[in-house]
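Fair warning: this is a prediction, and the values are worked out from it, not measured in the lab. In what follows, chains are A, B, ... by sequence order, proteins preceding strands, each numbered from 1.
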Amino acid sequence: MTQVRVRFAPSPTGFLHIGGVRTALFNWLYARQQQGVFILRIEDTDQSRSTDESIRAIIEGLQWVGLDWDEGPYRQTERIELYRSHAMKLLDGGQAYWCVCTAEELEARRKEAEAKGLSPRYDGRCRNLDITRPSGEAALRFKAPQTGQTVVDDLIKGKIVFDNAVLDDLIILRSNGYPTYNFSVVVDDALMHVTHVVRGDDHLTNTPRQVPIFQALGFPVPQFGHLPMILGADKARLSKRHGATSVMAYKEMGYLPEAMVNYLVRLGWSYGDQELFARSELIEKFNWKNVQTSAAVFNPDKLLWMNAEYIKASSPETVAQALEPLLKHAGLLNDQDAVPHEWLAQLVILVRERAKTLVEMVEWVKPYFGETVVWDEAAAQKFLTPSTAPMLRKLLERFVSLPGFSKQAWEEQFKRLVEEEGMKMGQLAQPVRVALTGRTASPGLFDVMEVLGRERTLSRLRQSLTRAETASA
RNA sequence: GUCCCCAUCGUCUAGCCUGGCCUAGGACGCCGGCCUUUCAAGCCGGCAACACGGGUUCGAAUCCCGUUGGGGACACCA
């Protein structure tokens, strides 16, 4: 058995797209499962569109979702000589030829063909001209087979047959000396000994163009696998107008990388009825057989649900760690602040089942920072009034008389007061909730007190009591 | 236009290969209820799909053909 070698080969022309992450993910999963090699290769032969910033964005994105590569990043622009020498080999072997048609001429002919309702393919004008030493600028074309069939046995789609008659002679070396995509991939995949080429569906029709190049160069043809596309709600290919498509945008929106990974893998792959998978489980259970053959619509609602599941199920320490930078960004935490990690974890436990994202969690957690209560005006006006003041005062007195803090003891005291005064729980709970958190919605009252601690609970009660007593009725 | 891919609830999907176990299962969302000191979470229940038309067969979501629909490709982009 030869070792599995797969790759992710993005072109650095923007941020790392969700679809790209999923492609990388399937490759990575397979590599890890087979104890193979995962290669990162940057396809930057289009100098006008490639940027170093995009390369950094791709790397940052992959790192965020935890996809580590074993080789690379290779950059195609650093391998130009390799493509040129292999192109020359084809030229020498009579499997390629110089083409002196200009880009403008080709464009014009293509338009003309389209207007006539014909395929916009290259007409083969220079194929038999035997141009040996072009005087001006010229591109090198591959002599594609014109008869017979090219059969691709796709890992995902199965056997696909293409008539070679549909193919035209593609350019492998541009007149500026740079290789085109269909040529550089072949040379790289061959030279890097890639065993499985797994990429998006949109490359399916490139395959019968690439296979003959492998053969002409005398390289073994790798296995191919074409992943179905990800669509937007309108079933059109997922793009910016459908919302965020950059993975890092999801980081900023408060998503956990593990949730993103789980969602993306399940979008197009399944394992019976199972929805949630630990990463180790994905590596173990992943297979090509269960990869869907049809395109899938990206569903932000389900991602959100899954994120909530991960927030609830992850260790509070993990969540707290991911939350910390957002707390700092929100000004709730300073770098100097020595907030104990245990307290942060406790806070996460307090609010985690009501926050679906880390961004939401920041909102939930706000009331527990700072020495004073910040009231929501409407809440305070409704619940902190002269009529609720006497009860708040009685409760405060009872709490003050209790030594230290114990959740059980304080809860017991609270309930006793409710009972003695013949109140309903909610009649006291809501004013106290507002007194402590400034809001009408919060986690359980006694959990709130525990996180606040004795002193802050008492001082907030006092502060709110003052407001209640002085409020106009 | 030509070529290629695809087709189960609104969405992600199980089932399809190896026809009967499918009165088509799960999940998200939605609706209703329960729980309840608020908001959530949780639990219970409900709505909701085999694109269409032919065939093959005792029997088809499952096999075959066609139609329709959707997507992709046809660059000196990747």
Side-chain angles (χ1 to χ4, degrees), chain A residues 9-13 43-46 48-50 99 101-103 106-107 110 113-122 137-141 152 154 157-158 160-163 165-168 170-176 178-182 184-185 199-209 226 228-229 231 233 235-237 263 266-276 289-290 292-306 308 312 351-356 364 379 414-415 418 424-430 432-434 437 439-446:
Chain A
S11 55
T13 55
E43 312 221 318
D44 58 350
T45 54
D46 183 355
S48 60
R49 296 200 305 151
S50 301
C99 172
C101 300
T102 65
L106 293 169
E107 177 67 23
R110 208 166 21 242
E114 266 179 58
K116 285 184 191 161
L118 299 170
S119 281
R121 322 160 34 212
Y122 177 61
E137 292 215 324
L140 196 63
R141 282 188 190 270
V152 178
D154 196 274
K157 311 248 183 196
I160 306 163
V161 179
F162 299 88
D163 275 323
V166 206
L167 270 37
D168 60 0
L170 73 234
I171 288 178
I172 57 178
L173 229 48
R174 294 186 261 244
S175 49
N176 67 4
Y178 274 74
T180 54
Y181 164 75
N182 275 310
S184 55
V185 239
R199 75 243 286 202
D201 222 350
D202 47 343
H203 286 292
L204 190 53
T205 50
N206 278 326
T207 311
R209 295 167 147 283
H226 289 91
M229 302 271 86
L231 312 177
K235 306 253 185 175
R237 196 187 185 141
Y263 176 73
R266 267 294 281 106
L267 189 64
W269 176 79
S270 60
Y271 191 80
D273 288 339
Q274 192 172 345
E275 296 285 352
L276 271 11
K289 183 177 171 284
N290 292 343
Q292 200 71 8
T293 51
S294 54
V297 173
F298 182 79
N299 184 348
D301 280 339
K302 188 151 183 179
L303 206 211
L304 187 62
W305 166 79
M306 199 164 272
K312 281 182 282 186
V351 302
R352 66 177 170 186
E353 59 195 27
R354 37 213 111 204
K356 290 183 190 291
W364 274 103
F414 186 102
K415 288 188 169 158
V418 168
K424 280 190 168 176
M425 191 68 179
Q427 285 176 279
L428 186 58
Q430 279 309 81
V432 171
R433 188 182 314 283
V434 176
T437 68
R439 303 177 181 184
T440 52
S442 84
L445 267 189
F446 308 103

If you check every side-chain atom of A:Thr293, which of B:rC4, B:rU13, B:rC6 has the closest atom?
B:rC6
Per atom distances to the A:Thr205 side chain, the nearest of B:rU38, B:rC74, B:rA73 is B:rA73
Side chain of A:Asn182 (C-beta onward), nearest among B:rA78, B:rU11, B:rC4
B:rA78
Report yes if at least one side-chain N or O of A:Gln292 is closer than 4.0 Å to OP1 or OP2 of B:rA7; otherwise report no.
no
Of the listed B:rG71, B:rA78, B:rA14, the closest approach to the A:Arg49 side chain comes from B:rA78
Base, sugar-phosphate, or nothing: which does A:Arg439 touch, judged by heavy atoms less than 4.0 Å apart?
nothing
Give a yes/no on whether any side-chain N or O of A:Arg141 is located under 4.0 angstrom from OP1 or OP2 of B:rA75.
no
Consider the side chain of A:Thr180, meaning its heavy atoms from C-beta on, and name the nucleotide among B:rC76, B:rU11, B:rA41 that approaches it most closely.
B:rC76
What does A:Asp44 touch in the nucleic acid at a heavy-atom separation under 4.0 angstrom: a base, only the sugar-phosphate, or nothing?
nothing
Using a 4.0 Å cut-off on protein heavy atoms (strictly under), produce a 5'-to-3' string for nucleotides 24-37 of chain B with B for base contact, S for backbone-only sugar-phosphate contact, and - for none.
-BBBS--------B
Is A:His203 touching bases, backbone alone, or none of the nucleic acid, heavy atoms closer than 4.0 Å?
base
Looking at side-chain heavy atoms only, is the closest gap between A:Asp301 and A:Trp305 below 4.5 Å?
no
Taking donor-acceptor contacts at under 3.5 Å, does the side chain of A:Arg121 reach the base of B:rC74?
no
A:Arg354 has its side chain closest, among B:rA40, B:rG72, B:rU13, to B:rA40
Taking the minimum atom-to-atom distance to the side chain of A:Lys289, which one of B:rC17, B:rG72, B:rU11 wins?
B:rC17
Please enumerate all residues that pass ring-ring contact (aromatic ring centres under 6.0 Å, His included) together with A:Tyr181, with sequence neighbours excluded.
A:His203
Nucleotide of B:rC5, B:rC76, B:rU2 approaching A:Ser119 most closely (side-chain heavy atoms):
B:rU2
All side chain to side chain donor-acceptor pair (under 3.5 Å) counterparts of A:Gln274, not counting sequence neighbours:
A:Glu281, A:Lys285
For A:Ser270, report the nucleic acid contact type (base, sugar-phosphate, nothing); a contact means any heavy atom under 4.0 Å.
sugar-phosphate
Among the candidates B:rA73, B:rC76, B:rC74, find the nucleotide nearest to the side-chain atoms of A:Ala103.
B:rC76
Give a yes/no answer on whether the side chain of A:Lys235 brings an N or O atom under 4.0 Å of OP1 or OP2 in B:rA7.
no
Can you see whether A:Asp46 engages A:Ser48 through a side-chain donor-acceptor pair at a distance of less than 3.5 angstrom?
yes
Under 4.0 Å from OP1 or OP2 of B:rA78: is there any side-chain N or O of A:Thr45 that close?
yes
Please determine whether a side-chain nitrogen of the Lys or Arg among A:Arg209 and A:Asp168 lies less than 4.0 Å from a carboxylate oxygen of the Asp or Glu.
yes
Counting side-chain heavy atoms from C-beta on, which of B:rU2, B:rC12, B:rA78 comes nearest to A:Val166?
B:rU2
What does A:Ser294 touch in the nucleic acid at a heavy-atom separation under 4.0 angstrom: a base, only the sugar-phosphate, or nothing?
sugar-phosphate
